[in-house]
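Each chain gets a letter, A, B and so on, in the order the sequences are listed, and its residues count up from 1. For the numbers below, each heavy atom of this structure counts, side chains included, while hydrogens, waters and symmetry mates do not.
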Number of protein chains: 4
Amino acid sequence: MAKHKKQVRNPVQRRSIEKRGRIIRTAQRLFSKHGIHGTTSNEIAAKSGVSIGTFYSYFRNKKELMMEVLRSYLAEFTANIFKGKDIARIAGRKPEIRRLIRELIASAFAAFEHEPEFHRQMWALKYSDPEIRKLFDESEKKEVAYVRSLLELYAPGMKDIDAGAKIIHSAIQNAGHYVKLLDYPMKETRILEELTEMVYRYLFRQ
Amino acid sequence: MAKHKKQVRNPVQRRSIEKRGRIIRTAQRLFSKHGIHGTTSNEIAAKSGVSIGTFYSYFRNKKELMMEVLRSYLAEFTANIFKGKDIARIAGRKPEIRRLIRELIASAFAAFEHEPEFHRQMWALKYSDPEIRKLFDESEKKEVAYVRSLLELYAPGMKDIDAGAKIIHSAIQNAGHYVKLLDYPMKETRILEELTEMVYRYLFRQ
Amino acid sequence: MAKHKKQVRNPVQRRSIEKRGRIIRTAQRLFSKHGIHGTTSNEIAAKSGVSIGTFYSYFRNKKELMMEVLRSYLAEFTANIFKGKDIARIAGRKPEIRRLIRELIASAFAAFEHEPEFHRQMWALKYSDPEIRKLFDESEKKEVAYVRSLLELYAPGMKDIDAGAKIIHSAIQNAGHYVKLLDYPMKETRILEELTEMVYRYLFRQ
Amino acid sequence: MAKHKKQVRNPVQRRSIEKRGRIIRTAQRLFSKHGIHGTTSNEIAAKSGVSIGTFYSYFRNKKELMMEVLRSYLAEFTANIFKGKDIARIAGRKPEIRRLIRELIASAFAAFEHEPEFHRQMWALKYSDPEIRKLFDESEKKEVAYVRSLLELYAPGMKDIDAGAKIIHSAIQNAGHYVKLLDYPMKETRILEELTEMVYRYLFRQ
DNA sequence: GATGAATGAGCTTTCATTCAT
DNA sequence: AATGAATGAAAGCTCATTCAT
């Protein structure tokens, strides 16, 4: 007996969209505060001011909600990194290059400050849940692409520009985690300086 | 009704040590296969061929077992990275430097191959559980210290050697994750080459 | 992962109140029959015709149910003792005094007959559990107050009326236990007669 | 298949008797401290310096040990009440009677001070366990008999001397509980005075 | 559309007692 | 006699999800 996919409402009316959004925001708040496992569906529904039944008419299950929360979070996260840093304008400004790298890294680090607890929780899931991983992958792909576009601009002679973009991105990402999510006991600026230096030399000391 | 320190057997006899070891190995296998949450204490006991009572006479609780498994895993993991790479001998051999860096990174990458599933599961916990994080921290501290000792040898002029060692370690670590744990769709050698290059230039193109 | 106040349903609808009541009555029955420790939550739920989940939506835990059962029992118990014995009417009737005392004691004794097994179980807990003790204390306070009001009426010259009320109440209570709960091998009427005599003389033979 | 009664050692050798006694004393201490349910057989054995196997060669099970502890406790308890109060000497001394009663009650109250926690724990069991009840009954029978012998001496005209002895004993017992075991919020002396008065009038104001 | 009472499989952990050595 | 490693039934409780109203 084939199981029909359970219908989930796709809200178009204003009130419904609002409600859905409220649930997502409440969930993010609670996930940050008590962790994923420490937050129950019923609590999310209650704190969102909807019944558990309504909750399940908007989201097939807890996991789906989680992914929705993550989606919206990652969109914002990525946007924050590049706020005021779009390629076109940078290319036009011809900035002092070391300073550009430092700013970009600082900007990436800063993006973790918005919801560090939530980011930690979700990053954990990235390693244990393939679907969550996929969401991160999509988001990171954009970030790497941005790095790549900078490399095209400033380090056009690079041998393997795709691999280069990836390792730069990855180095910044992990350093950001230690500094912003994992309480690494070292002044952030020291990490920032050396990372800037490493990337700079990688690009311009061929 | 205050409950004080529950006693846990500290095995000295051969049979007991064997049994304890068997439980740890079984647990690691099951954690890899079904994840931490997907593995129950009873299953671990059963698959280890001991009763649940015996299980709890060797480990205060599931979490403690988990940490034991991780401890033993990390010890081996770190050892594997540096197998045949002890500082003294390297210093003596005066190796071609770019090759040394490449080998070290390759060795770090290779260490993930032993138990990738388990490593993924545990890395996830590093982000959501402070006690697990501490275990990783201790292990990473040793790795970073090793990198630092290489820097002292080959890049003595570095401005901030501690920060430098950390970001190099962190860059390699995360790249290793993408390549070995997260199915990053790029030939490992490309990542390896560029990472080698980045580190090389960081050290020698001041 | 801090867990805050778990919500417990506070039933207002007829069906819910009924269900809650049914659980309480079933529990009382089972506690009488097998004792507190001999009765499991699952059994109570099953015999009440509800799922264990429902059980735990009405009561935070087994202990809370127990206290609820006790509360309702004690209310009835105390009420039974004084049924048709309210001070105002007694004062009006000017009863033959020895007869009044005997009736009161007999009435107290009789109250144990309703649920002797349950009373025994709970009295046991009074000695080992402070929260249970508190419930008994509240209930006994009312009984002692009643005795005191009788003393004010009939033995106004008493030196220490509060202590007097307490020891009279306590003497009756314990005698009641031996006769009704502890199978003391002596005709109840003999205990009743002497107790009546003791109290009578205490009050009127100063 | 008839189950043979498990053999329990009946120690005659000095060392064995000592060991048995040590277990009993340790058990009483632990029962007082953590309650019956809060004390495990294994803990008793360990703290007594014997193996759990040895423990079970001296006592058929935990309950039997408990009863042994209670037996020895009650013997001491009863002895304490009547220490220096043996009938013969009292009869000889012809003491001022009200003072004798007060002393006896005070002595009974004082007996609770030796191990109040343990007494509370055990009294609880008296109400839920018939075998424990029997032990208390035996001990109380002696106490009641003593009271009876006093009555014979001082109130020979009493109508029902057995019932009289019982209710006096019972009144003192329960008052003692409130004062010494149940934290009744009233100065002990007030209870003591009124109780003395009640008993006195009961005996001499016929 | 909305509600929220109801479900129940499933989890971790305890401890009295046994019995091979 | 003495040991103590081993046992395993059994208990309390959670929470994602359903579905009758």
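- Considering only side-chain atoms of N61(C), the nucleotide from dA5(F), dT12(E), dC13(F) that sits closest is dC13(F).
- Mapping R9(C) and I52(B) onto DNA chain E by nearest heavy atom places R9(C) at the nucleotide closer to the 5' end.
- Rounded to whole angstrom, the span from the NE2 atom of H37(A) across to the P atom of dC13(F) amounts to 22 Å.
- Note: CD (E43(B)) to C1' (dT12(E)) measures 14 Å, nearest angstrom.
- Among the heavy atoms of the strands lying under 4.0 Å from S41(C) are primed sugar atoms or P, OP1, OP2 only; no base atom is included.
- Using cut-offs of 30° and 60° for the angle between ring planes, the Y127(A) and Y127(B) rings count as parallel.
- Residue Y58(B) has its side chain nearest to dA6(F) when only dA6(F), dC13(F), dA16(E) are considered.
- Taking only side-chain atoms of N42(B), from C-beta outward, the nucleotide of dT13(E), dT3(F), dT7(F) with the closest atom is dT13(E).
- Between the CZ atom of F59(D) and the P atom of dC15(E) there is a distance of 20 Å, given to the nearest Å.
- Among the protein residues, T40(B) comes within range of the sugar-phosphate backbone only, with heavy atoms under 4.0 Å from sugar or phosphate atoms but none that close to a base.
- Using a 4.5 Å cut-off on side-chain heavy atoms (C-beta onward), M122(B) and Y73(B) make no contact.
- Across all strands, K19(A) comes closer than 4.0 Å only to sugar-phosphate atoms, never to a base (heavy-atom distances).
- Distance, M66(B) CE to dC11(E) P: 17 Å, rounded to whole Å.
- Salt bridge E68(B)/R71(B): present, at least one basic N to carboxylate O contact under 4.0 Å.
- Residues S41(B) and Y56(B) meet the side-chain proximity criterion, which asks for heavy atoms closer than 4.5 Å.
- Nucleotide dT18(F): paired with dA5(E) (Watson-Crick or G-U wobble, both distances less than 3.5 Å).
- A salt bridge is absent between E138(D) and K134(D): the closest approach of a Lys/Arg side-chain nitrogen to an acidic carboxylate oxygen does not fall below 4.0 angstrom.
- The NE2 atom of H34(D) sits 15 Å away from the C1' atom of dC15(E) (whole-angstrom rounding).
- Atom CD1 in I17(C) sits roughly 12 Å away from atom P in dA5(E) (whole-Å rounding).
- Comparing dA6(E), dT12(E), dA16(E) by their nearest atom to the side chain of K62(D) picks out dA16(E).
- Sequence order on DNA chain F of the closest nucleotides to F55(B) and K63(C) puts F55(B) first from the 5' end.
- What separates CD1 of I36(D) from P of dT14(E) is a distance of 20 Å, to the nearest Å.
- Taking side-chain N and O atoms only, Y56(C) has no distance below 4.0 Å to OP1 or OP2 of dT14(F).
- In terms of position on DNA chain E, the residue among S57(C) and G53(B) whose nearest nucleotide sits closer to the 5' end is S57(C).
- Checking the phosphate oxygens (OP1, OP2) of dG8(F), no side-chain nitrogen or oxygen of S51(B) falls inside 4.0 Å.
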